[in-house]
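A, B, ... follow the sequence lines: proteins, then strands. Residue 1 opens every chain. It should be emphasised that the depicted structure is a prediction, and the values quoted were computed from it without experimental measurement.
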2 protein chains.
Amino acid sequence: MFDLGHYLPYLINRAGARLAVEFGREIRRRGIALQEWRVLAALADQGGQRLSDLAGLTSIDLSTLSRLVGRMVRAGLLSRERMDGDQREVSVALTDKGQRITRAIIPIAQRYERRAFRSFMPAEEATLKALLLRVYANLERPER
Amino acid sequence: MFDLGHYLPYLINRAGARLAVEFGREIRRRGIALQEWRVLAALADQGGQRLSDLAGLTSIDLSTLSRLVGRMVRAGLLSRERMDGDQREVSVALTDKGQRITRAIIPIAQRYERRAFRSFMPAEEATLKALLLRVYANLERPER
DNA sequence: TATTGTTATACTCTATAACTATA
DNA sequence: TATAGTTATAGAGTATAACAATA
């Protein structure tokens, strides 16, 4: 009736869930939740961000992110301040503490990525990444 | 500090989130939540399942699934009964109504999959699926 | 005693919408 | 009026653990 084993959303969800669960458990022991890591990683890559850009970058819903960032600010991981130019916008950035913790988690994250890729040839790694990027781009929400 | 654009868990999460959000919105208008669809699709592929097998198949936590299945039984989508052999086990299956609804959603799901793959050559589709399967297998939880 | 599944608790996420402040 | 972000609410997911029934 339905062939799950060749259904792309299933294959993506299954691989993503396994990555998320295992890695999430390990960093939670260090006091960081998976969604918090996603925010830290996005800021480590791109520097300070507007909240709505950060929502797009992390795939986290804006209102969820607003409260998540609030908790992370209270925990001393992030700073949040109104932009100079447009006072409606908010700039979110890592604090020194946030940077320290992010730097401690990065090697763990890279270890999990290597584990996902064990048995892969370097060219296969690059192929998978490129194909996932094309899937993402293909699903760009059409203009309404 | 961190290269998000080449980090596999990020690329998987991003593509999976976009698939899930768009498709989830469309089927919710038809009264089915995304997690419910995952259960329906797993049962449509594999027939009746033990609850713990279904948890593995759908990547849904067992206690979450237990309550989700309870709601779906109350909604008339699933049947749930103790196994003949081992009375601890539970067998979950689609009802006629569940089958009807599943059959109505399958073409929508396939439409989203085709959208994700537009611009893909058939061989590239197969490559992506095979690589995702290998990632999943590589992350098999090691025996403890 | 171990396994399968259910239930409880506390916290978090999601969907939706109302709301504030700024443009 | 539109945009960026915050807050409120209800329902659902998650982590953890206790629990019942069965093996």
Side-chain angles (χ1 to χ4, degrees), chain A residues 13 16-39 48-75 78-93 144, chain B residues 13 16-39 48-75 78-93 144:
Chain A
N13 180 58
R18 199 168 258 187
L19 271 167
V21 168
E22 300 272 323
F23 174 64
R25 278 200 188 111
E26 179 152 346
I27 63 170
R28 195 170 319 102
R29 279 184 236 121
R30 288 167 170 78
I32 298 293
L34 185 61
Q35 298 274 62
E36 292 174 347
W37 155 251
R38 288 182 174 145
V39 171
Q49 293 286 313
R50 293 190 318 153
L51 195 64
S52 48
D53 293 337
L54 197 54
L57 210 49
T58 56
S59 307
I60 297 174
D61 171 83
L62 182 62
S63 79
T64 301
L65 185 63
S66 175
R67 272 164 302 186
L68 175 59
V69 165
R71 286 197 300 276
M72 293 175 77
V73 168
R74 283 192 293 282
L78 303 183
S79 66
R80 172 169 57 178
E81 52 187 36
R82 293 280 162 189
M83 292 284 226
D84 285 350
D86 187 330
Q87 284 284 305
R88 292 172 304 186
E89 299 179 351
V90 159
S91 169
V92 178
R144 309 210 148 172
Chain B
N13 180 58
R18 199 167 259 189
L19 271 167
V21 167
E22 300 273 322
F23 174 64
R25 277 199 189 112
E26 180 153 345
I27 63 170
R28 196 172 315 103
R29 279 184 238 119
R30 289 164 169 78
I32 298 293
L34 185 60
Q35 298 275 62
E36 293 174 346
W37 155 251
R38 288 182 174 145
V39 171
Q49 293 287 314
R50 292 191 316 153
L51 195 64
S52 49
D53 293 336
L54 198 54
L57 210 48
T58 56
S59 307
I60 298 173
D61 171 84
L62 182 63
S63 79
T64 301
L65 185 63
S66 176
R67 273 164 303 187
L68 175 59
V69 165
R71 286 197 300 278
M72 293 174 78
V73 168
R74 283 192 291 283
L78 303 183
S79 65
R80 171 170 57 178
E81 52 187 37
R82 293 282 162 187
M83 291 285 224
D84 285 350
D86 186 330
Q87 284 284 305
R88 291 173 305 188
E89 299 179 350
V90 158
S91 169
V92 178
R144 308 212 148 171

Enquirer: Among residues two or more places apart or on two chains, list those pairs meeting salt bridge (Lys or Arg N to Asp or Glu O under 4.0 Å) that have a residue in residues 52-69 of chain B.
Expert: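 Residue pairs with at least one partner in residues 52-69 of chain B: B/R50-B/D53.
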Enquirer: Any side-chain N or O of A/R67 less than 4.0 Å from the OP1 or OP2 oxygen of D/dT9?
Expert: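 For A/R67, the contact criterion (side-chain N or O under 4.0 Å from OP1 or OP2 of D/dT9) is not met.
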Enquirer: I need the CG-P distance between A/D84 and C/dA23, as an integer number of Å.
Expert: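 Result: 12 Å.
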Enquirer: Indicate yes or no: at least one non-hydrogen side-chain atom of B/E36 is less than 4.5 angstrom from one of B/I27.
Expert: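 B/E36 does not reach B/I27 side chain to side chain.
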Enquirer: Taking CZ from A/R88 and P from D/dA4, how many angstroms apart are they, rounded to a whole number?
Expert: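 Those two atoms, CZ and P, are 6 Å apart.
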Enquirer: In whole angstroms, how far is the C1' atom of D/dG11 from the CD atom of B/E36?
Expert: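 It is 12 Å, rounded to the nearest whole Å.
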Enquirer: For B/D61 and C/dT6, what is the distance between atoms CG and P respectively, to the nearest whole Å?
Expert: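 In whole Å, C/dT6 P lies 13 Å from B/D61 CG.
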Enquirer: In whole Å, I'd like the distance from the CZ atom of A/R82 to the P atom of C/dT22.
Expert: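 Answer to the nearest Å: 8 Å.
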Enquirer: Are any side-chain N or O atoms of A/R80 and backbone N or O atoms of A/A93, one a donor and one an acceptor, separated by less than 3.5 Å?
Expert: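 No; zero donor-acceptor contacts below 3.5 Å.
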Enquirer: For a quick check of understanding: with a heavy-atom distance under 4.0 Å over all strands, which category does A/R28 fall into, base, sugar-phosphate or nothing?
Expert: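 Sugar-phosphate only.
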Enquirer: So does A/L34 get a backbone contact from the side chain of A/R28, meaning a donor-acceptor N/O pair under 3.5 Å?
Expert: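 It does not hold such a pair.
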Enquirer: Take B/D86 and A/V90, find for each the nucleotide of DNA chain D with the closest heavy atom, and name the residue whose nucleotide sits nearer the 5' end.
Expert: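 Its nearest nucleotide lies further toward 5', so the answer is A/V90.
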Enquirer: Rounded off to whole Å, could you give me the CG-to-C1' distance for the A/L34 and D/dA15 pair?
Expert: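 From A/L34 CG to D/dA15 C1': 14 Å.
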Enquirer: Less than 4.0 angstrom between a side-chain N/O of A/S52 and OP1 or OP2 of D/dG5, yes or no?
Expert: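 Yes.
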Enquirer: For A/S59 and B/R50, find the nucleotide of DNA chain C closest to each by heavy atoms; which residue's nucleotide sits nearer the 5' end?
Expert: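 So the residue in question is B/R50.
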Enquirer: Starting at the 5' end of DNA chain D, which residue's closest nucleotide do you reach first, A/S91 or B/G85?
Expert: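 This one resolves to A/S91.
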Enquirer: CD1 of A/I27 versus P of D/dA15: gap in Å, rounded?
Expert: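 Rounded to whole Å, this separation is 12 Å.
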Enquirer: Roughly, in whole Å, what's the span from CG in B/L62 to C1' in D/dA12?
Expert: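 In whole Å, D/dA12 C1' lies 17 Å from B/L62 CG.
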Enquirer: Think B/T64 has a side-chain N or O under 4.0 angstrom from the OP1 or OP2 of D/dT14?
Expert: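 For B/T64, the contact criterion (side-chain N or O under 4.0 Å from OP1 or OP2 of D/dT14) is met.
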Enquirer: Between the main-chain N or O of A/M83 and the side-chain N or O of A/Q87, is there a donor-acceptor pair closer than 3.5 Å?
Expert: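 Yes.
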Enquirer: Ignoring backbone atoms, test whether B/R71 places a side-chain nitrogen or oxygen under 4.0 Å from the OP1 or OP2 oxygen of D/dG13.
Expert: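 Checking B/R71 against D/dG13: at least one side-chain N or O falls below 4.0 Å of OP1 or OP2.
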